[in-house]
Amino acid sequence: MGLITGVCTFLYHLPQIYKWLLKPYYIASFFMTIAFVLIRKAPGLCEHLATQREDGNSCDFDWRELEILMFLSAIVMMKNRRAITLEQHIGNVFLFSKVANVILFFRLDIRLGILYLALCVAFVMTCKAPLYMGPEYIKYFSDKTIDEELQRDSRVTWIVEFYANWSSDCQSFASVFADLSLKYNCAGLRFGKVDIGRYGEVSQRYRVSTSPLAKQLPSVVLFQGGREIMRRPMVDTKGRAVSWTFNEENMIREFNLNELFQKSKKLNKRGPHEVFPFLPAVPCY
C-alpha cells in the first residue's frame with residue numbers, strides 16, 4: 001500500500017519534477033554524472049581506452065572500476081538516509097558521482113582527469129543551483145526593513161529564516177519553508193526571510209554565523225514584539241549549531257505551529273500576553 005501511495009504521489013508531481021529537471025543546472029549535472037560511463041561505453045571511442053580486464057575488452061568496466069562504482073552507490077545510499085527533499089537526494093547523487101568520476105578519469109588517463117576536473121571547477125563557478133520559485137506567503141527583508149517589520153505590531157509573531165543563496169542546505173529547505181507559509185500564514189503569524197549572505201550586518205545583529213564550519217545555515221527564529229523567543233538550530237558555547245533536521249514535521253513540532261496558528265487567528269480582541277502564554281520571553285542580544 002505504501003509503495004502504491006509513493007508511486008501515485010510521484011506520478012501526481014511528475015509534470016512539476018519534469019519541468020524542474022529541465023533547468024540547465026540539472027541537465028549539465030546529469031551529463032557530468034554519467035560522463036565516465038558514456039566514454040567507457042561509447043562505440044568508436046572506448047576501443048582506444050586503456051583497460052585492466054584480462055580479456056582486453058576496453059568497452060567494459062574492469063574490476064577496480066566496478067569497485068569504485070559500488071562504493072559510490074553505498075555512499076549515496078548512506079547520505080540519502082538523512083535527505084528530506086528531492087533536491088537533497090538528487091544533490092547527493094550529483095555530488096558523489098562527480099567525485100567518483102574524477103577518480104575514475106584520473107585512473108584511466110591523467111589528461112582526461114585534468115580535463116574533467118577543469119570542467120567541474122568551471123561548472124561550480126558559472127552554474128548555480130536554481131532557487132525555489134514556487135508559491136509562498138513570505139516577506140523578504142533587507143538590512144533596513146527587518147527591524148522595523150519585526151517591531152511594527154507586537155501582536156504579530158514572525159517566523160524568520162536566515163539564509164544564504166550559496167548554501168545547499170538553505171536551497172533544500174526553501175520548499176519546506178514555503179509550504180509551511182502556505183499552511184500557517186495568517187494575520188497574527190507571518191513568515192519572513194533575510195539573505196544574510198548579502199546583508200552581513202543582519203548576520204551579526206541577530207547572531208547567525210555564515211561560516212560553513214558553524215553549520216548555522218539555515219537558522220529559523222521565532223520573534224514576538226521584535227524579541228527572539230526561540231531558534232533552531234540551537235548554538236553551543238563554541239558557536240557551532242546543535243544537529244537538527246530541517247523538515248516539516250520538526251518545524252511544526254518545535255515551533256508549536258498548530259497551536260500558534262489557532263491562537264494567532266484570535267488576535268483581533270486579545271493582547272499578545274494572553275495569546276502566547278506558553279512562549280518564554282528571551283532577550284534579543
Side-chain angles (χ1 to χ4, degrees), residues 20-33 75-76 79-80 82-102 116-134 136 138-146 159-181 191-221 231-235 238-248 250-251:
W20 176 66
L21 290 176
L22 282 181
K23 295 183 178 179
Y25 173 85
Y26 293 106
I27 294 175
S29 291
F30 173 75
F31 283 108
M32 292 185 69
T33 296
I75 293 295
V76 170
K79 294 294 292 185
N80 276 346
R82 298 189 61 184
I84 305 300
T85 63
L86 178 63
E87 292 94 331
Q88 289 176 320
H89 285 282
I90 294 179
N92 286 333
V93 173
F94 286 160
L95 173 62
F96 291 102
S97 295
K98 290 171 186 174
V99 173
N101 271 276
V102 170
Y116 185 82
L117 185 60
L119 288 174
C120 288
V121 172
F123 175 80
V124 170
M125 295 179 63
T126 60
C127 196
K128 304 296 182 182
L131 301 177
Y132 177 78
M133 299 296 290
E136 59 185 23
I138 297 174
K139 183 175 183 61
Y140 286 80
F141 300 129
S142 69
D143 55 342
K144 295 180 175 60
T145 62
I146 182 169
I159 298 179
V160 180
E161 178 194 349
F162 294 81
Y163 74 102
N165 283 329
W166 50 261
S167 169
S168 59
D169 290 333
C170 293
Q171 294 168 3
S172 299
F173 181 61
S175 60
V176 176
F177 196 67
D179 288 342
L180 290 172
S181 74
F191 289 78
K193 295 179 71 169
V194 58
D195 183 357
I196 57 175
R198 179 180 180 184
Y199 304 112
E201 292 182 2
V202 177
S203 169
Q204 298 175 5
R205 194 183 315 157
Y206 290 92
R207 298 172 292 114
V208 181
S209 174
T210 56
S211 169
L213 297 178
K215 297 184 177 181
Q216 294 185 31
L217 292 177
S219 282
V220 179
V221 184
R231 72 168 59 196
R232 290 294 182 273
M234 295 184 290
V235 181
K238 296 182 179 180
R240 290 179 60 89
V242 178
S243 180
W244 195 73
T245 302
F246 280 93
N247 58 28
E248 184 170 328
N250 284 348
M251 285 288 298

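- Scanning both residues, Met32 and Cys120, for their nearest heavy atoms gives CE-SG, 3.5 Å.
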**Asked** Would Tyr163 and Lys193 count as a side-chain contact (heavy atoms from CB on, under 4.5 Å) if you check the C-alpha gap in whole Å, the side-chain angles of each, and the deciding distance to 0.1 Å?
**Response** CA-CA 7 Å; Tyr163 74 102; Lys193 295 179 71 169; 3.8 Å; yes
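- Rounding to the nearest 0.5 angstrom, the gap separating the CD1 atom in Ile90 from the OG atom in Ser172 is 10.5 Å.
- Scanning both residues, Ala241 and Lys215, for their nearest heavy atoms gives CB-O, 3.0 Å.
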**Prompt:** How far apart are the C-alpha atoms of Lys139 and Thr145, what are their side-chain angles, what is the distance that settles it, and do they pass the side-chain contact (heavy atoms from CB on, under 4.5 Å) test?
**Reply:** CA-CA 10 Å; Lys139 183 175 183 61; Thr145 62; 5.9 Å; no
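- No more than 12 heavy atoms of other residues, nucleotides or ligands shown are found within 6.0 angstrom of CZ on Phe30.
- Judged purely by atom type and a 3.5 angstrom limit, Asn101 uses its side chain to pair as donor or acceptor with the backbone of Ser97.
- Here the OH atom belonging to Tyr199 is positioned 15.5 Å from the CD atom belonging to Gln204, to the nearest 0.5 angstrom.
- Side chains of Phe141 and Val160 form a contact here, defined as non-hydrogen atoms less than 4.5 Å apart.
- A search for ring pair (Phe, Tyr, Trp, His ring centres under 6.0 Å) contacts involving Tyr140 returns nothing, not counting sequence neighbours.
- Here the side chain of Thr245 pairs no donor or acceptor atom with the backbone of Asn247 at under 3.5 angstrom.
- In this structure, Ser219 OG and Asp169 CG are separated by 11.0 Å, a value rounded to the nearest 0.5 Å.
- Summarising the geometry, atom CZ belonging to Arg231 is positioned 10.5 Å from atom OH belonging to Tyr206; distances are rounded to the nearest 0.5 Å.
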**Message:** The test is side-chain contact (heavy atoms from CB on, under 4.5 Å); show your working for Lys98 and Ser29 and say whether it passes.
**Reply:** CA-CA 9 Å; Lys98 290 171 186 174; Ser29 291; 3.4 Å; yes
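- At least one side-chain heavy atom of Phe173 sits less than 4.5 Å from a side-chain heavy atom of Met251.
- Listed here is the closest heavy atom pair of Ser209 and Ala214: OG-CB, 3.6 Å.
- The two residues Ala28 and Phe123 have their closest heavy-atom pair at CB-CE1, 3.6 Å.
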**Prompt:** Does the pair Val235 and Val208 meet the rule for a side-chain contact (heavy atoms from CB on, under 4.5 Å), with working shown?
**Reply:** CA-CA 9 Å; Val235 181; Val208 181; over 6 Å; no
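- Distance check: Phe162 CZ to Arg207 CZ gives 9.5 Å after rounding to the nearest 0.5 Å.
- Taking the six-membered ring for Trp and thresholds of 30 and 60 degrees, Phe177 and Phe191 have ring planes more than 60 degrees apart, a perpendicular arrangement.
- Counting all heavy atoms, side chain and backbone alike, Trp244 lies closest to Pro233 at CB-CB, 4.2 Å.
- Taking CD from Gln216 and OG1 from Thr210, the interatomic distance works out to 9.0 Å, rounded to the nearest 0.5 Å.
- Leu217 and Cys170 get closest at one heavy-atom pair: CB-SG, 3.8 Å.
- In this structure, the side chain of Gln171 engages the main chain of Asn165 through a donor-acceptor pair within 3.5 Å.
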